[in-house]
**Q** 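The structure that follows is given in the form of structure tokens.
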Amino acid sequence: MGKEGGCGQNKTMVKQEQELANRPDNTAFTQQRLPAWQPMLSAGIVIPGFVIIGLAFIGIGVALFITSKNIQVMEMDYTGFEPDSDCFKCSNPEEKNCVCQLDFNISSRFEGPVFFYYGLSNYFQNYRRYGVSKDDAQLSGDLDNFKSPSDTCSPYDTDGIKPIVPCGSIANSMFNDTFLLYREVNGTNELVPLDGKGIAWWTDYNVKYRNPNVTPLKEAFEGTVKPLFWPRPAYELDTSDPNNNGFINQDFLVWMRRAALPDFRKLYRRIAQGDYARGLPAGNYSLKIAYNYPVLSFQGRKKVVFSNVSWMGGRNDFLGIAYLVIGSMCVFMSIVMLIVYAKFKFPEED
Amino acid sequence: MKLLGATAIEDKLQEGVPETIACLNLADIKIWVLTGDKLETAMNIGYSCNMLRDDMNEVFVISGHAPPEVQQQLRSAKERILGRSRVSSGGEVEKADDSVFQETIIAEYALVINGHSLAHALEPQLEHVLLDVACLCKTVICCRVTPMQKAQVVELVKRYKRAVTLAIGDGANDVSMIRTAHIGVGISGQEGMQAVLASDYSFAQFRYLRRLLLVHGRWSYYRMCHFLCYFFYKNFGFTLVHFWYGFFCGFSAQTVYDQWFIAFFNIVYTSLPVLAMGIFDQDVNDQNSLRYPSLYKPGQQNLLFNKRQFFLCTLQGMGTSFLLFFIPYGAFSVMVKEDGSHFTDQQAFAVTIATSLVIVVSVQIGLDTHHWTAVNHFFIWGSLAAYFAILFAMQSDGIFRIFPSNFPFIGTASNSLSETSVWLVILLTTVVCLVPGLAVSFLRAELFPTLTDKVRCLQQSRMRRGPREQNLKRGRRTSSRRSAYAFSHQQGFGELITSGRNMRMSTVSSVCSPGRAAHSSTWLENILKRKNEVSSYDQSVKIQVFLYIVT
């Protein structure tokens with residue numbers, strides 16, 4: 001009797017265990033009982049929030065707008081599209097080694113440091129086929145790619161026989177106008193010193209683009225040719241300064257960092273040395289341009305820009321105005337929401 | 001003769017069955033009962049569950065033996081409900097007149113049909129009439145139904161009504177019905193595991209159906225719809241930026257973003273937050289979901305994700321992409337770095353737009369999440385942190401030295417994200433993308449609150465006041481055997497018995513007060529919802545009285 005009872009007890013225990021084995025877990029995670037924060041969009045949060053955002057944006061917008069208005073910018077188009085401009089004679093594609101001159105006057109002191117940009121319009125550096133047309137390995141100094149450039153560079157990878165270094169369409173189309181700035185002082189033209197150091201990104205200059213580890217640099221380029229549109233090969237980009245020669249030439253780096261939009265500016269030089277460290281004094285200036293770069297065939301335009309900078313970068317009215325507009329809209333919407341809320345909520349009781 | 005005694009066999013209703021049925025009725029779920037028991041037993045069950053009530057306008061009993069008889073009975077039932085003039089010769093219900101349906105909403109009818117008659121009624125020429133009458137009635141009880149016929153009834157509803165059917169049963173004879181319905185639920189228990197093995201969901205007691213539908217089913221619908229809406233919005237916002245950029249890059253299919261960003265966006269940067277929302281989000285907690293069954297209606301009426309909602313979230317995605325592109329475009333036309341060097345290049349543009357995008361979609365899902373668990377926090381903030389970590393890692397010097405061709409974006413992140421103007425652009429873009437949606441949802445919740453909004457408000461205020469209400473958790477049932485009885489309101493069958501026609505076996509329903517709870521073992525009921533129909537098999541109470549008559 002006792003044994004049977006024991007057996008029976010075992011059976012119920014086993015059955016209970018079986019039942020319990022099927023039972024789902026009773027943890028907070030599996031039963032969706034995790035402690036949680038349940039925020040609700042109430043009027044007490046949204047309306048003051050909008051007011052705060054609006055006021056903050058208006059403040060930022062005012063600061064940006066005022067800063068932007070204090071930045072001086074001077075742009076001059078020198079494509080030579082109009083017949084009365086001096087550069088009209090250079091716009092003829094037959095002309096080689098043409099030099100034209102732009103005279104301009106600065107009425108009040110242009111605060112320094114002044115930055116000298118060249119700008120291009122209707123120039124699609126962001127075109128995809130153009131953008132992939134370069135060989136990063138070659139440009140970081142890998143000699144294997146000197147012999148056989150990557151086929152992303154085609155059709156600018158070989159000239160038929162020899163490989164092109166640096167290959168690709170971006171390098172090939174490098175901007176090659178040069179500028180000399182003169183200031184009229186006591187009847188003579190004084191050359192304004194232009195500083196070309198450090199105009200490219202530090203990471204581009206030190207990491208991304210490296211010359212091959214061969215001295216003299218010319219030897220690395222044995223058996224290769226220069227890009228088709230270049231007047232000189234890469235190892236002669238700046239013979240006076242070996243730190244500005246080859247692939248780490250600052251102008252080359254600035255050009256290789258392709259622009260996002262069809263109208264862009266790139267930094268050419270800085271005017272920050274000697275007498276001009278505090279800016280360009282008022283007076284007459286003339287700009288001598290070695291006009292080498294043809295843009296009229298695709299309705300492009302070239303210009304030079306003088307500008308100074310502030311904590312928010314160059315002159316940018318858009319950002320200041322946008323902040324002001326959005327800030328005022330936020331404040332306006334918060335007032336509207338307050339009115340609507342007061343009108344509709346309070347007549348009816350919850 | 002001397003009456004020696006009486007024996008009775010009772011099959012009890014499970015605990016909580018009438019409450020469950022009442023609750024599901026409030027949630028606009030139509031419940032049909034398909035049972036193998038006799039007519040009288042089935043009607044007893046109906047009364048004890050409050051499915052049939054004395055104050056119902058009429059209870060139609062279809063028990064004809066021949067097709068013309070069945071047809072005539074169905075027709076007359078329909079005429080009684082709709083009024084003579086409305087029934088056309090084809091037997092179709094005219095939907096044009098609203099007053100017809102208003103009448104049926106106010107008046108309550110019940111239909112009880114025999115298995116015999118059902119066999120005739122399920123034939124092609126009669127099935128429409130049957131379906132029409134059945135759908136006009138509040139309760140449908142089919143008795144003496146074979147397993148095959150149960151499946152046929154479910155099939156009938158599935159085929160001709162735009163409704164979702166759920167079948168719940170516990171025996172092997174329910175398997176065909178469970179498999180036919182959209183959702184099959186098996187009750188594990190006394191009858192074995194056949195129904196459970198054939199079903200999509202199974203649990204041990206009928207009353208858990210309420211939780212399955214009103215809590216888990218509703219949450220599932222809510223989560224799925226929000227997940228989908230957000231997913232479309234996010235991907236439209238991400239992709240359509242290229243459409244706008246096409247106008248400015250000569251339509252050359254130049255991507256705005258880094259290749260790695262495109263690869264990682266949907267996998268790493270934005271997948272986990274939306275997953276957390278799809279798993280954990282709750283609009284209303286479970287107690288309130290059970291307390292307010294009409295919260296179930298948005299799911300039935302397909303309110304949370306339909307063409308309009310899809311269009312709206314697509315529009316939001318397009319608007320976001322427009323702002324994501326054009327605000328940086330406006331700013332980048334003339335932007336330079338603080339040290340004067342330009343950085344309006346393709347790569348800085350890409351990083352700016354990519355960062356704005358990730359921040360906008362992360363904050364948007366933060367605004368969409370209503371139930372923030374620790375997991376949600378971790379996933380959302382973690383994804384943002386992961387984005388910045390991966391961005392700086394992939395655009396660092398180290399990895400460029402190892403793979404120069406694959407990581408051309410070297411230096412971009414450190415150069416562009418250290419500029420104040422870039423962060424001002426990102427802040428502006430974020431606010432402009434998010435604020436309209438915020439304003440619209442706030443105004444909509446305040447001016448045109450849905451039931452969900454009201455319950456959520458209530459929930460919040462209750463939580464603030466403190467947990468005064470206790471957790472109404474019932475103890476676990478250890479045994480389904482209780483001593484209680486099924487009662488019905490109907491007049492008894494004493495007449496039938498004394499008439500002498502049923503000598504051996506008869507079903508007796510004893511009249512009792514309506515206050516007692518009904519407990520029967522293995523109640524399986526058919527629940528057919530108007531939009532979601534659930535058919536289940538119920539085994540009705542068998543109370544059989546044997547009269548021993550000694551002559």
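On a predicted model such as this, the values are computed, not experimentally measured, just so you know. Each chain gets a letter, A, B and so on, in the order the sequences are listed, and its residues count up from 1.
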**Q** If you count heavy-atom pairs within less than 4.5 Å of chain A, which of B:Arg223, B:Gln459, B:His377 leads?
**A** B:Arg223

**Q** Check whether B:Val432 gets within reach of chain A through its side chain, its backbone, both or neither, counting any heavy atom under 4.5 Å.
**A**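 Side chain only.
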
**Q** Is it the backbone or the side chain of B:Glu419 that comes under 4.5 Å from a heavy atom of chain A, or both, or neither?
**A**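 Neither part, no heavy atoms under 4.5 Å.
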
**Q** Please walk me through it: do B:Thr373 and B:Asn376 pass side chain to side chain donor-acceptor pair (under 3.5 Å)?
**A** CA-CA 5 Å; B:Thr373 61; B:Asn376 288 80; 2.7 Å; yes

**Q** Mind checking whether A:Gln32 and B:Phe280 have side chains closer than 4.5 Å, heavy atoms only?
**A** no

**Q** Can you tell which part of B:Phe349 gets under 4.5 Å to a heavy atom of chain A, answering side chain, backbone, both or neither?
**A** side chain

**Q** Under 4.5 Å from any heavy atom of chain B, what part of A:Ser310 do you find: side chain, backbone, both or neither?
**A** backbone

**Q** Quick one: does A:Ile271's side chain get under 4.5 Å of A:Phe115's, heavy atoms only?
**A** no

**Q** Under a 4.5 Å cut-off applied to non-hydrogen side-chain atoms, are B:His370 and B:Gln282 in contact?
**A** no

**Q** Is B:Thr420 close to chain A through its backbone or its side chain, or both, or neither, when contacts mean heavy atoms under 4.5 Å?
**A**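 Only the side chain of B:Thr420 comes within 4.5 Å of chain A.
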
**Q** Regarding A:Ser140 and A:Arg210, is there a side-chain donor-to-acceptor distance under 3.5 Å anywhere?
**A**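 Their side chains do not contain a donor-acceptor pair, so the 3.5 Å distance test is not met.
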
**Q** Which atoms of B:Tyr329 are under 4.5 Å from chain A, going by heavy atoms: the side chain, the backbone, both sets, or neither?
**A**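 For B:Tyr329, backbone and side chain are both near chain A.
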
**Q** Taking the side chain as every heavy atom from C-beta outward, state whether A:Phe57 and B:Val431 have any atom pair closer than 4.5 Å.
**A**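 Side chain of A:Phe57 against side chain of B:Val431, heavy atoms only: contact under 4.5 Å found.
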
**Q** Considering only heavy atoms and a distance below 4.5 Å, find which of A:Met40, A:Gln125, A:Met312 pairs most often with chain B.
**A** A:Met40

**Q** Using heavy-atom distances under 4.5 Å, tell me whether B:Ala445 contacts chain A through its side chain, its backbone, both, or neither.
**A** neither

**Q** Side chain to side chain donor-acceptor pair (under 3.5 Å) for B:Asp453 and B:Thr450? Distances and angles first, verdict last.
**A** CA-CA 5 Å; B:Asp453 295 322; B:Thr450 59; 3.1 Å; yes

**Q** Highest number of heavy-atom pairs under 4.5 Å with chain A: which of B:Val256, B:Leu427, B:Leu438?
**A** B:Leu427

**Q** Between B:Ile279 and chain A, with a heavy-atom cut-off of 4.5 Å, which part of the residue counts as in contact: side chain, backbone, both or neither?
**A**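 Only the backbone of B:Ile279 comes within 4.5 Å of chain A.
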
**Q** Strictly under 6.0 Å, is that where the ring centroids of A:Phe116 and A:Phe306 end up?
**A** yes

**Q** Measure distances from A:Arg315 to the heavy atoms of chain B and classify the residue's part below 4.5 Å as side chain, backbone, both or neither.
**A** backbone

**Q** Against chain A, label B:Leu424 side chain, backbone, both or neither, depending on which of its atoms sit under 4.5 Å from a heavy atom there.
**A** both

